[in-house]
Amino acid sequence: MFIFLSFCIFIQAEEKKVLTLSSAVIKLKENLNDYKKNVYSLKSARASYLDSRTSLYPSVDGTVPVTVKNNSKTIGTYIGTDYTINNSKLWVITPELSLSQYLPTGGTFRLSVRDALNITGTGSIDPESLKSELGGTDFKYQNTPGIGISLTQPVFFGDAYGAGKRTAENTFNIAKKTFLLNENTLAVNMLQEYFNLKFLKYSSMLIKSRLDGAKNNNRNIEKMFKLGRVTRLELLQTEAALKKAEIDLFDAEEQFANAKKDFLSKYGYDKDIAVGTKVENICDYSILRNKDDILNRAMGSNIGLLFARYNLNIVKDSLINTRYTASPVLNLAGNIDFSTTADSTADFNEAFKNSFNDNSSQVLSASIGLSAKLFDAGSLKEKINKAQNDIKANEYEVKSKRADIIKNLNTLFRKIEKSRKINKYSELNIQIAEFRYEKGKKDLELGRIAQNDLNKMSLELENAKLALISAKIETNMDYINILLLEGKNLIDLLNKKTGM
């Protein structure tokens, strides 16, 4: 029976997985709503970018409007005599197929093929029989096919075509870097929550150890008090230290339980997991030897700096577009139309072909025009002034971002260099605190120190251990911030770091 229970307990322990950084990254990508939202936002931006590029390609449009008109005419109005009512119906069909193309010069070329087909049907109504004969043989066709070419060209176009392409590309680049920025923010938040969970677990473990020590000390002091070797004050101090440890453990375990619950819920863990206390070392101290290389990479790929550059490019192109849209426009057009008329005895297809023979009428026309806005109350001037000011502002923004990169990188490098020394110092502090605590326990038995002194030594040891894990976490986050300065993809790097 004992073996069976032990086996069941072992199986249950095996089923409870341990929280790892690699699993946290996977859960972030699979279950975090903000991550999924970010992915679809990028897809939407890509669709908008591709849609904006469609204006650079030819567009084809077609229309087939149909108009129907009824006309009637009365012949013979004397009562008692024969008379007829002539009834006619006119169908007007004007199909058109057009192709438009935006030109590299900023103009628009349009080619259209059209037709104007008039079909007239006539007939008579006998008032005695009231029988309509419309739709018999009295039909006439008038066919007018034509071809038109037009060009609309701004006189001063600059590089409007290229500006439009660049604006679309820069806008999409901003969307891609926004996606990366959001993804990195989610990764940083996850890391902070992950390390905080480990810190709280470690803190609970240390307080639990302090509580166990306080219980042992309390038992020893009670025995010594009965033997008259310690004072009642020392006994009360021991009991107070025990109660303090119990309260601290209650608070620490509650904080850990709440943080764990929030973490598992946020990242979609469907089963409980065990949380270890070891903090993974993400920081690669070799970067301290490559400061210049990191600075050069940051100057080329820092997200904030790229935002500033993209926006600068956009406002430069907006100045080109402002001048382009205000430019006088040259309008050129040319048309050729063919026309013929045939009655119902002729084959309609043959009648259509006759539109282009020598017996048909042909009309060739051309036009040229120039349109310009003569007065805008200074609107163009102010738009140009705004664009020029925006350019200056964004140029200074680029300079400011470059200066921030240099400043922040120097700060982070100093912090990481200092953290190496702090880690070694914290490890020595732990050794010293452990030595003092163990010596203090012996001194307490010999009556050389009071219980309150030993309690302080216990807290010093606990704080020294917490200081070391805090320093390790801070070093990791400083290293992460350097990667952010370089514009790296944190999730990809964490996948490689954890061997995924």
Side-chain angles (χ1 to χ4, degrees), residues 21 25 170 173-174 176-196 198-199 279-315 391-430 463-464 466-498:
L21 188 55
V25 173
N170 284 313
N173 285 335
I174 289 176
K176 288 191 291 185
K177 292 304 176 182
T178 299
F179 169 81
L180 178 57
L181 177 63
N182 292 338
E183 189 176 78
N184 284 345
T185 300
L186 296 175
V188 169
N189 291 340
M190 184 274 292
L191 282 173
Q192 291 173 334
E193 294 163 358
Y194 174 83
F195 287 135
N196 181 60
K198 293 211 162 190
F199 177 84
V279 173
E280 295 91 336
N281 181 32
I282 298 177
C283 180
D284 181 3
Y285 286 106
S286 65
I287 63 170
L288 297 175
R289 301 191 299 269
N290 302 312
K291 183 177 179 180
D292 291 339
D293 292 339
I294 292 174
L295 180 60
N296 289 334
R297 289 196 295 270
M299 289 300 179
S301 57
N302 176 266
I303 295 177
L305 180 57
L306 288 176
F307 279 157
R309 287 174 177 163
Y310 294 147
N311 285 322
L312 176 59
N313 293 336
I314 288 173
V315 295
I391 290 173
K392 288 295 183 183
N394 280 274
E395 286 175 344
Y396 283 112
E397 179 69 8
V398 170
K399 292 179 181 179
S400 176
K401 292 296 182 183
R402 290 174 61 89
D404 287 344
I405 290 172
I406 296 172
K407 177 184 175 181
N408 293 336
L409 188 61
N410 288 334
T411 299
L412 290 170
F413 262 77
R414 285 195 299 270
K415 288 183 69 176
I416 289 181
E417 288 175 350
K418 184 179 178 180
S419 71
R420 296 181 71 178
K421 298 176 181 179
I422 291 176
N423 289 341
K424 292 179 180 179
Y425 172 74
S426 298
E427 290 171 355
L428 290 174
N429 263 351
I430 291 174
N463 290 334
L466 288 175
L468 178 60
I469 192 173
S470 295
K472 289 181 177 180
I473 292 173
E474 185 175 357
T475 301
N476 281 338
M477 297 312 298
D478 288 337
Y479 177 71
I480 290 296
N481 285 327
I482 288 180
L483 299 179
L484 290 176
L485 279 180
E486 291 186 82
K488 300 285 189 180
N489 187 314
L490 292 188
I491 290 183
D492 288 347
L493 290 174
L494 290 175
N495 286 340
K496 294 178 182 178
K497 198 75 177 179
T498 54

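We count residues from 1, following the sequence as given.
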Partner residues of Glu183 under the salt bridge (charged side-chain N to carboxylate O under 4.0 Å, His left out) criterion, sequence neighbours left out: none
Which residues share a side-chain hydrogen bond (donor to acceptor under 3.5 Å, both in side chains) with Tyr194, sequence neighbours left out: Lys198, Glu280
Could you list the donor-acceptor pairs under 3.5 angstrom formed by side chains in residues 395-407, with sequence neighbours left out?
none

Flag side-chain contact, heavy atom, 4.5 Å: Leu191 against Asn476: no
Salt bridge (charged side-chain N to carboxylate O under 4.0 Å, His left out) contacts touching residues 185-196 (sequence neighbours left out): Glu193-Lys266
Listed partners of Lys176 passing side-chain contact (heavy atoms from CB on, under 4.5 Å), at least two apart: Leu42, Phe172, Asn173
Qualifying salt bridge (charged side-chain N to carboxylate O under 4.0 Å, His left out) pairs with a residue from residues 467-490, counting only residues at least two apart or across chains: Arg297-Glu486, Lys415-Glu474, Lys415-Asp478
Nearest heavy-atom neighbours spanning Gly487 and Leu180: O-CD2, 3.6 Å
Phe195 side chain near Ile469 side chain, heavy-atom distance below 4.5 Å: no
Glu417: salt bridge (charged side-chain N to carboxylate O under 4.0 Å, His left out) partners, not counting sequence neighbours: none
Which residues share a side-chain hydrogen bond (donor to acceptor under 3.5 Å, both in side chains) with Asn481, sequence neighbours left out: none
Closest heavy-atom pair and its distance - Ala298, Leu485: CB-O, 3.4 Å
Pairwise distance CG(Leu412) to CD1(Ile480) - rounded to 0.5 angstrom: 11.5 Å
By side-chain contact (heavy atoms from CB on, under 4.5 Å) - contacts of Ser419 (at least two apart): Tyr285, Ile416, Thr475
Check: Met299 and Asn296 side chains under 4.5 Å, non-hydrogen atoms: no
Residues in side-chain contact (heavy atoms from CB on, under 4.5 Å) contact with Thr178, at least two apart in sequence or another chain: Ile174, Asn182, Phe307
Minimum side-chain heavy-atom gap Ile482-Phe413 below 4.5 Å: yes
NZ on Lys177 to CG on Leu305, rounded to 0.5 Å: 11.0 Å
side-chain hydrogen bond (donor to acceptor under 3.5 Å, both in side chains) partners of Asn429, counting only residues at least two apart: Tyr425
Set of residues satisfying side-chain hydrogen bond (donor to acceptor under 3.5 Å, both in side chains) with respect to Asn410, sequence neighbours excluded: Lys291
Heavy-atom pair with the smallest gap, counting every atom of Ala187 and Ile491: CB-CG1, 4.0 Å
